[in-house]
Number of protein chains: 2
Amino acid sequence: MSRASSMSDVARVAGVSAQTVSRVLSDHPNVGAATRARVRAAVEQTGYRRNRLARALVTGRSRTIGVVTHETDFYSASAILLGIQTAARASGYFVSTATTPSLSLDAIATAVERLMDQGVDGLVLAVPVREDVSLGDLTHDLPTVVVDGMRSSATEVVAVDQVEAGRVATDHLLGLGHDTVWHVAGPDTWNDAMGRTSGWRAALEDAGRLVPPVLYGDWTPASGHRNGTILGRMPEVTAVFVASDEMAFGVIRALAELGRRVPEDVSVVGMDDIALAPYAAPPLTTVRQPFRDMGRRAVEHVLALVTDPETVHEPEVVLPRLVERSSTAPRG
Amino acid sequence: MSRASSMSDVARVAGVSAQTVSRVLSDHPNVGAATRARVRAAVEQTGYRRNRLARALVTGRSRTIGVVTHETDFYSASAILLGIQTAARASGYFVSTATTPSLSLDAIATAVERLMDQGVDGLVLAVPVREDVSLGDLTHDLPTVVVDGMRSSATEVVAVDQVEAGRVATDHLLGLGHDTVWHVAGPDTWNDAMGRTSGWRAALEDAGRLVPPVLYGDWTPASGHRNGTILGRMPEVTAVFVASDEMAFGVIRALAELGRRVPEDVSVVGMDDIALAPYAAPPLTTVRQPFRDMGRRAVEHVLALVTDPETVHEPEVVLPRLVERSSTAPRG
DNA sequence: GCCCGGGATGGTGACGATCACATGATGGTG
DNA sequence: CACCATCATGTGATCGTCACCATCCCGGGC
């Protein structure tokens with residue numbers, strides 16, 4: 001084809017002005033029924049498709065939202081992205097993604113700028129944004145929702161109650177009779193990870209238990225394995241709360257290598273409830289995170305902000321749910 | 001801010017015409033050094049950013065590539081997407097994603113149309129496209145590369161040699177002394193899955209072994225578990241080639257539940273080498289797929305097509321590599 | 001001294017759509 | 001029957017950029 005047909009082509013075929021075509025396509029009320037039908041037919045006949053670029057240029061709206069994610073293949077990231085995709089599509093929006101190789105403010109800012117160059121209407125940051133960062137500076141006041149962030153801050157955040165999540169996991173283990181619970185945490189650059197850690201600590205303190213030192217991982221199963229090797233060598237460790245299922249797989253593997261059985265010798269609770277969690281050995285007790293749902297809600301909220309910048313975020317707190325499987329057992 | 005600054009704003013500040021600003025920004029040669037500097041300063045001062053939409057409108061290039069993926073959280077999909085993202089960014093391109101809830105031709109066509117509305121310059125289809133489908137009809141002759149497709153077809157495809165992959169896995173098991181190898185395949189709608197199955201069958205036939213009936217899964221661990229329950233009940237099954245690691249987790253779990261040990265009683269080979277594969281119980285022997293690399297190559301090829309539609313695809317065949325871990329052992 | 005080539009710049013008109021406003025027809029009302 | 005509200009449609013300007021062509025100026029060759 002030499003050139004895609006434009007509105008004036010359609011207008012010519014239908015014998016009306018381009019403006020009328022525009023009205024028909026935008027479902028404007030004030031168009032005669034006969035004209036409308038004629039235009040529809042002409043559109044069909046010419047195979048016309050509205051040019052979104054031209055449209056975006058003049059309206060200032062691209063109907064695209066930008067998503068910044070960390071450049072990893074973690075389950076959580078892809079699940080959130082999936083929720084975002086689905087919700088955006090349902091609302092007739094497009095999704096443009098920018099990954100950032102690092103979590104430094106610079107790298108995130110670069111990703112954001114790339115998306116702004118794209119002309120996105122709103123932004124979902126699926127990366128941790130520290131509380132001391134002014135979101136306005138970062139995003140130049142584009143409607144933005146952060147998926148990993150402190151709910152206490154002024155920024156718009158969609159998140160489950162991570163403190164509660166840490167607490168639920170820990171309480172479950174304490175309830176099984178364990179004296180205390182060890183913790184393999186996520187990187188302290190992530191707000192979600194820190195939230196889980198505080199919940200864990202709070203639960204232990206509330207129960208008057210000893211708070212063991214925190215071990216840190218980087219979300220990868222390999223880092224779980226490293227930490228599992230340490231924990232497995234300490235006979236007093238009977239219960240571990242791991243801040244992600246992927247790390248939990250590593251921990252369990254390391255324990256197995258050291259001859260410590262799960263759950264007979266050590267109980268392990270993960271976090272996320274990834275698709276493979278039920279198929280771990282043993283099936284992993286974990287705290288479910290509604291990733292898709294978070295993505296969906298992030299989109300809904302961004303779109304609300306896009307439509308009306310004055311929208312106030314009502315943080316609906318989603319309570320995480322413990323999914324009990326076989327990696328936890330009463331203290332032997 | 002009331003309105004982002006435009007080229008004419010910058011031009012006014014620099015005391016030149018908008019055209020000159022455009023030339024400076026496009027690194028056109030014919031601009032005086034002094035003028036160039038002045039314009040650069042003005043750009044800096046006004047915080048000007050070129051409007052990509054307007055640019056795309058007039059040039060007909062959006063510097064965006066569209067990706068169609070299946071709406072799932074499978075590791076493979078997110079890893080490929082990751083490779084695409086990285087490569088696109090490196091080339092200064094943007095990525096817009098559209099997920100399709102089903103693999104029907106209609107659903108895929110809808111996703112493609114959404115992306116075309118977006119004005120993408122090229123397309124990567126990370127979904128299976130049947131050989132009898134005219135890619136041209138689907139994509140209206142937009143530069144397109146398919147990631148899951150038959151290499152034999154006329155379409156532009158980036159893929160590893162799946163037949164070889166199936167063969168490698170099967171040969172490995174036969175080499176360990178197993179009489180034959182059972183197979184849990186992926187859905188027969190996927191070309192990759194079918195390739196693996198043919199490789200498996202060919203390896204068995206070449207070795208003059210009995211070819212057992214194929215069991216089919218849907219890539220999910222749950223489907224692996226279902227099939228594992230069947231296989232585990234048959235004492236004659238000593239070796240299984242599973243078409244994805246995620247299903248392999250399910251198979252292994254089912255075998256464990258039935259009291260069959262891996263690898264002592266049954267050897268299992270997976271496919272993909274997902275991040276969790278080394279942390280399965282036991283660590284999974286599998287065939288590595290270079291997902292990120294495939295994504296990267298898909299982008300490179302699409303961009304070549306965008307630049308020069310006459311580009312001919314040289315299918316560099318990537319040979320898959322067996323990664324031996326502990327889920328396979330010589331026949332006991 | 002004249003002419004020519006080419007580097008540096010500016011002006012104009014698309015690109016494809018929408019918006020604000022203008023126009024003409026219609027019909028109901030006092 | 002004059003008047004105005006309402007609906008249906010057209011006109012012109014505009015969004016921000018780049019392609020194309022015109023213009024100006026300078027230096028060099030003959």
Side-chain angles (χ1 to χ4, degrees), chain A residues 1-43 46-64 92 94 116-121, chain B residues 1-43 46-64 92 94 116-121:
Chain A
M1 58 196 149
S2 52
R3 192 178 53 84
S5 50
S6 80
M7 227 169 211
S8 55
D9 296 329
V10 177
R12 197 172 322 111
V13 172
V16 296
S17 77
Q19 179 57 193
T20 302
V21 176
S22 173
R23 285 202 187 87
V24 171
L25 264 43
S26 308
D27 280 327
H28 242 67
N30 296 348
V31 178
T35 314
R36 191 180 297 268
R38 203 140 33 86
V39 169
R40 286 257 156 74
V43 166
T46 53
Y48 168 72
R49 336 202 35 159
R50 255 199 299 203
N51 183 323
R52 253 179 29 85
L53 265 46
R55 220 186 145 165
L57 180 60
V58 66
T59 57
R61 290 262 136 99
S62 61
R63 291 191 78 77
T64 300
F94 300 89
M116 294 190 50
D117 278 350
Q118 268 269 57
V120 299
D121 292 343
Chain B
M1 54 191 152
S2 51
R3 194 177 54 84
S5 51
S6 80
M7 232 171 208
S8 56
D9 296 328
V10 177
R12 197 173 320 114
V13 171
V16 296
S17 77
Q19 184 53 221
T20 302
V21 176
S22 173
R23 278 197 271 261
V24 170
L25 263 42
S26 308
D27 279 327
H28 244 65
N30 296 348
V31 178
T35 313
R36 190 179 297 267
R38 203 140 33 84
V39 170
R40 287 258 156 73
V43 166
T46 53
Y48 168 73
R49 336 201 36 156
R50 251 196 307 201
N51 183 324
R52 249 180 34 85
L53 263 46
R55 224 177 149 198
L57 180 60
V58 68
T59 58
R61 290 263 136 101
S62 62
R63 292 191 78 79
T64 299
F94 300 89
M116 292 190 52
D117 279 351
Q118 267 270 55
V120 298
D121 291 344

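Remember, it's a predicted structure, so these values are computed and weren't measured experimentally. Proteins come first, then strands; the chains are lettered A, B, ... in the order of their sequence lines, and each starts at number 1.
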Engineer: Taking only side-chain nitrogens and oxygens of R50(A), does any of them come within less than 4.0 Å of OP1 or OP2 of dT18(C)?
Structural biologist: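 Result: yes.
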Engineer: Calculate the interatomic distance between L53(B) atom CG and dT14(D) atom P; express it in whole Å.
Structural biologist: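 Value for this atom pair: 20 Å.
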Engineer: Within this structure, what is the CG-to-P distance between D9(B) and dC15(D), rounded to whole angstrom?
Structural biologist: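 It is 10 Å, rounded to the nearest whole Å.
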Engineer: Can you tell which of dT17(D), dC18(D), dA17(C) lies closest to the side chain of Y48(B)?
Structural biologist: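 Of the candidates, dT17(D) comes closest.
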Engineer: Applying a 3.5 Å limit to both distances, which nucleotide forms a Watson-Crick or G-U wobble pair with dG7(C)?
Structural biologist: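 Result: dC24(D).
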Engineer: List the residues meeting side chain to side chain donor-acceptor pair (under 3.5 Å) with S8(A), not counting sequence neighbours, and say none if there are none.
Structural biologist: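 Per chain and number, S8(A) pairs via side chain to side chain donor-acceptor pair (under 3.5 Å) with S6(A).
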Engineer: Atom CE of M7(B) and atom P of dG16(D): how far apart are they, to the nearest Å?
Structural biologist: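 To the nearest whole Å, that distance equals 12 Å.
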Engineer: Between the side chains of D27(B) and R40(B), is the shortest nitrogen-to-carboxylate-oxygen separation below 4.0 Å, so that they form an ion pair?
Structural biologist: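 Yes, charged N to carboxylate O under 4.0 Å.
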Engineer: Taking CZ from R61(B) and P from dC15(C), how many angstroms apart are they, rounded to a whole number?
Structural biologist: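 Atom CZ in R61(B) sits about 17 Å away from atom P in dC15(C).
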Engineer: Starting at atom CE of M116(A), determine the distance to atom P of dG16(D), rounded to an integer number of angstrom.
Structural biologist: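 It is 15 Å, rounded to the nearest whole Å.
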Engineer: Measure CG/L25(B) against C1'/dC18(D) and give the value in whole Å, please.
Structural biologist: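 Nearest whole value for this atom pair: 12 Å.
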Engineer: For T35(A) and V24(A), run side chain to side chain contact (heavy atoms under 4.5 Å, CB included): C-alpha distance rounded to whole Å, both residues' side-chain angles, the deciding distance at 0.1 Å, then the answer.
Structural biologist: CA-CA 9 Å; T35(A) 314; V24(A) 171; 5.6 Å; no
Engineer: Is there a side-chain contact between T59(A) and the phosphate of dT18(C), meaning an N or O under 4.0 Å from OP1 or OP2?
Structural biologist: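 Looking at the OP1 and OP2 atoms of dT18(C), neither is under 4.0 Å from any side-chain N or O of T59(A).
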Engineer: Here's a test for you: under side chain to side chain contact (heavy atoms under 4.5 Å, CB included), which of V31(B), V10(B), V13(B) qualifies with V21(B)?
Structural biologist: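 Single pass found, and it is V10(B).
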Engineer: Write down the distance between CZ (R52(B)) and P (dC18(D)), rounded to a whole number of angstrom.
Structural biologist: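 Nearest whole value for this atom pair: 12 Å.
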Engineer: Could you tell me if R12(B) and T46(B) have a donor-acceptor pair between their side chains, going purely by distance under 3.5 Å?
Structural biologist: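 Result is no, nothing qualifies.
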Engineer: Just the rounded figure in Å: distance from P of dC15(C) to CG of L57(B).
Structural biologist: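 L57(B) atom CG is separated from dC15(C) atom P by 9 Å.
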Engineer: How far apart are the closest heavy atoms of R61(A) and D121(A), and which atoms are they?
Structural biologist: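 Taking every non-hydrogen atom into account, CA-OD1, 3.6 Å.
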Engineer: Show each protein N/O and nucleotides 7-11 of chain D N/O combination with a separation under 3.5 Å, one pair to a line.
Structural biologist:
from    : atom 1 : to     : atom 2 : distance (Å)
dT9(D)  : OP1    : T35(A) : OG1    : 2.4
dT9(D)  : OP2    : G32(A) : N      : 2.7
dT9(D)  : OP2    : T35(A) : OG1    : 3.1
dT9(D)  : O4     : R23(A) : NH2    : 3.3
dG10(D) : OP2    : S17(A) : N      : 2.7
dG10(D) : OP2    : S17(A) : OG     : 2.9
dG10(D) : OP2    : T20(A) : OG1    : 2.7
dG10(D) : O6     : R23(A) : NH2    : 2.8

Engineer: Quick one: pull up CZ in R55(A) and CG in L53(B) and give me the separation to the nearest 0.5 Å.
Structural biologist: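 One gets 12.5 Å once the value is rounded to the nearest 0.5 Å.
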Engineer: dT18(C), OP1 or OP2 - any side-chain N/O from R55(A) closer than 4.0 Å?
Structural biologist: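 Answer yes for this pair, as a side-chain N or O of R55(A) is under 4.0 Å from OP1 or OP2.
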